[in-house]
Amino acid sequence: MQRRMTTRTAGLFAGFLLWGVHLGGGSSLFAAPPGGEDYRGDLVVRVVPESIRALRTALAVTQDVWSHGASIGRPLDIRVDGRAYAALVAAGLRPEVLIPDLGGLILAERARIAERQAAEAEGGVAGGDAWFEDFRTLAQIEAKLDELAAARPDIATLETIGLSLEGRPIRALRISASDDPDVPQILINGCQHAREWVSPATVMFIATRLLEAPAPDPAISALLAGAEILVVPMVNPDGYQYSWDAVRLWRKNRRNNGNGTFGVDLNRNWDFAWGGPGASSNPASETYRGPAPFSEPESQALRDFYLANPRIVASIDFHSYSQLVLSPWGYTLDPSPDAPLFDLIGDEMAAAIFSSGGANYVSGPIGSTLYIASGSIVDWAYGERGAIAYTIELRDTGEFGFILPPDQILPTAEENLAAFLAFGAAVAKPAAISFPAPPPSVLAAGEPTSFTVKIRALAGQPIEGEAFLRFRVGGAGAFVDAPLSPLGDGLFAATLPAQACGATVEYFVAFGTTAGAVAAPEDAPASTFSALATTTTVVLREDFEVDAGWIVGGAQDTATSGQWVRVDPNGTTAQPEDDTSPDGTLCFVTGNAAPGSPAGAADVDNGITTLTSPLLDASHPDSVLIYDRWYSNNLGAAPNQDSMPIEISGDGGATWTLLELVTENAGAWVTRSFRVADFVAPTASLRVRFVARDLGAGSLVEAGVDEVRIVVVGCPSILGDLDGDGAVGAPDLAILLGQWGGPGSGDLDGDGEVGAGDLAILLGAWEK
Ligand code: 0X9
Ligand code: ZN
């Protein structure tokens, strides 16, 4: 279900706007908390504005946006006082309370830290993992950096890369364990934003593990053998100190803007798309970009360090909160030229985090995953330096936000060490090979097959003429080279030549650079991609342009709106604008709102809606069911709570078997194919059904279906090919002669006995 702004009387609503203006209107946006440390009576709430008006209302009543992604249909976390909360409720925005007593939470944090520091003043500052059991002061972080460098003089050095506005050193720890002076460098940094305390803690933890692993760790040794690691845990020491001493929720640096406001958002101050959308020119704003690109000594220091280390191939900038692994671009929704590689590595990091402890981080490009922001380090690092640059938003997802309980520091740090090691393994290489679409596993028999390869140089420079597709037919023999043809922008076309039906091709991609060769799969030729050449016959194709008897509804259906309907869809951020048929406009979607409606209009509400096919003929044993489906569940007040089962029945609908449970929620058409026999016995009474469900409260669900096909994949059988190798020859003759005089597969004329008539057929088909 999606929350909607309920209708209010105009007078009441105008009252709130007036009240908002009275509060300070636009200028109160992102302003520093009045009265410094006093957060008494404040709450942090999440709203999902469904219209510009709702968004304006939310922004007008808040003094502090916690999640800067202010856009319609996306959750927005804001800090409000009691009156502002009441205003949100009255305006129908249905604020969900994340932190009911922010003042109490912050006071408790201060008390806890004071107590721990007092105990440590007596008993000594905790070492080992205990150091990470609570947040640490700037002085403690600086002292630990000194300790780490002193403990490992063999591989660690500390340097001061610049001074903050107030004259504090910004320091880098260089971890250099390889004898090879040309190893690639990887940079990680923390704390561009002062209040995100878990960021420097996580970066310090990664440095600590790299230097003082409690037990030998092969992943760490491998990384240090192949890369130099540069660690800048504290980019904004003045802001961090201020967040400890005065205003806990301080975000920016401590620039005196001269008009009574302080601070520049360092992550809007980088000279790439500086001044673009998602950054403010208002010095009072929490996302103030500064008077000029690189106006701030802190961003200058990190830039200069980046430039002084030209072997940096990749970097991660750590922030909190939201649990996201974000890649460029941040300043635009356009995909970056390296989107396939960013997706691949981002997914690897999210997977490493998940396997290390089960936390869920979402990976994706910044613009579409979070919000547009210009002048940030990722865009500069990638756009200006060509680095594989990410921003990671650490824990949590909003329960505590910036005031993270200390028992989450170590888990956050551990899971991000795992992400960092996965990242290191992916980028400390001569070059990275990725595929915009998965490399083919099925080839159309008799036709060449082309696919696209994306290659990005990392530590090495490409060597002209050393980009190959290597393939062989069957599982043995030498690989044949087919040069890749460059398409520009690091893209290449790879072409497998035409193959006979039934042939299996093993292949891989190989690329030579000045720093060594790389391949995909990485350990090729020990492992390879493989594809089967086959023919595909379309038995049935449903494009929904005419009514072919698909059934909406069923015994289990409970949805009160957003039921399946066959239409030319009106697109929203959750629903497609177009069907997928090359000619035609119709498909099934769950509810169709009027053009221009918000995402939550006509989504599935309050239960289940089922779309069931008529009987489909899938009687051929090699039938494959293919469909295009759309699923969106990443918007709304409580995203990602639902899933869509897609089921098939081999008995006309009496019993159902799960084909897939759709949980990917990007809101995109995805083509899926399934071999029917892997799920139910192939029959002429096949049905498939799509069960769109809105079970989680506040979760927005939109689904679509188009282009349902049944195809038969296989090679036409050759009469006489008794061993099934695709040709008739000596081995088949041997089988037939072995069955002479009796029944058997060699009974080609079907007279019940293998004999002269069958021999004649076999010889007639010889070598075909
Ligand atoms: O807004 C930011 O700078 C980061 N989020 S935070 O809440 N920690 O402030 C996200 C940075 C992602 N990069 C861009 N949006 N360009
Ligand atoms: Zn941040």
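Both ligands and their constituent atoms are indexed starting at 1 by order of listing.
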Could you check Trp274, Tyr382, Trp270, Phe272 and say which one makes a ring pair (Phe, Tyr, Trp, His ring centres under 6.0 Å) with Tyr331?
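When ring pair (Phe, Tyr, Trp, His ring centres under 6.0 Å) is applied between Tyr331 and each of Trp274, Tyr382, Trp270, Phe272, only Phe272 qualifies.
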
Test your reading of the structure: does [X] have an N or O sitting under 3.5 Å from an N or O of ligand 1?
X      : answer
Arg268 : yes
His193 : yes
Leu326 : no

Which of the ligand 1 atoms, numbered from 1, are nearer than 4.0 Å to a heavy atom of [X]:
X      : result
Glu393 : 4 (C), 5 (N), 6 (S), 7 (O), 8 (N), 10 (C)
Asn267 : 2 (C), 3 (O), 11 (C)
Tyr371 : 1 (O), 2 (C), 4 (C), 5 (N), 6 (S), 7 (O), 10 (C), 15 (N)
Gly330 : 16 (N)
Glu196 : 6 (S), 8 (N), 9 (O)

How are the rings of Phe342 and Tyr390 set relative to one another: parallel (under 30°), tilted (30 to 60°) or perpendicular (over 60°)?
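Perpendicular.
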
Is the contact between [X] and ligand 1 made by the side chain, the backbone, both, or neither, using heavy atoms and a 4.0 Å cut-off?
X      : value
Ser320 : backbone
Ser376 : side chain
Arg251 : side chain

Tyr321 and Phe402: aromatic ring centres closer than 6.0 Å?
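Ring centres of Phe402 and Tyr321 closer than 6.0 Å.
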
Aromatic ring centroids of Trp131 and Phe205 under 6.0 Å?
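Between Trp131 and Phe205, the centre distance exceeds or equals 6.0 Å.
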
Run the contact test for [X] against ligand 1 with a 4.0 Å cut-off on heavy atoms, strictly below, and give the result.
X      : result
Ile366 : yes
Gly367 : no
Tyr321 : no

Looking at Glu228 and Arg174, does any basic side-chain N land under 4.0 Å from a carboxylate oxygen?
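Here Glu228 pairs with Arg174 in a salt bridge, since their nearest N and O are under 4.0 Å apart.
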
Could you state the interatomic distance from CG (Leu145) to CG (Leu173), rounded to the nearest 0.5 Å?
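It is 6.0 Å, given to the nearest 0.5 Å.
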
Do Glu196 side-chain atoms and Ser320 backbone N/O form a donor-acceptor pair below 3.5 Å?
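It does hold such a pair.
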
The test is side-chain contact (heavy atoms from CB on, under 4.5 Å); show your working for Arg110 and Arg248 and say whether it passes.
CA-CA 9 Å; Arg110 291 217 176 258; Arg248 172 65 181 87; 3.9 Å; yes

Non-neighbouring partners of Asp129 that pass side-chain hydrogen bond (donor to acceptor under 3.5 Å, both in side chains), sequence neighbours left out:
Arg209

According to the salt bridge (charged side-chain N to carboxylate O under 4.0 Å, His left out) rule, which pairs have a member within residues 306-325, sequence neighbours left out?
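Qualifying pairs: none.
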
Name all pairs fulfilling the side chain to side chain donor-acceptor pair (under 3.5 Å) condition that reach into residues 231-241, sequence neighbours left out, sorted by first residue then second.
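Residue pairs with at least one partner in residues 231-241: Ser164-Asp238, Arg168-Asp238, Tyr240-Trp244, Gln241-Asp245.
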
Could you go step by step and tell me if Ile392 and Leu324 meet the side-chain contact (heavy atoms from CB on, under 4.5 Å) rule?
CA-CA 6 Å; Ile392 293 187; Leu324 301 168; over 6 Å; no

Short of 2.8 Å from the Zn ion (ligand 2), name each protein N/O/S atom, waters not counted.
His193 ND1, Glu196 OE1, Glu196 OE2, His319 ND1

Would the number of heavy atoms belonging to other residues, nucleotides or ligands and lying under 6.0 Å from CZ of Phe294 be above 12?
yes

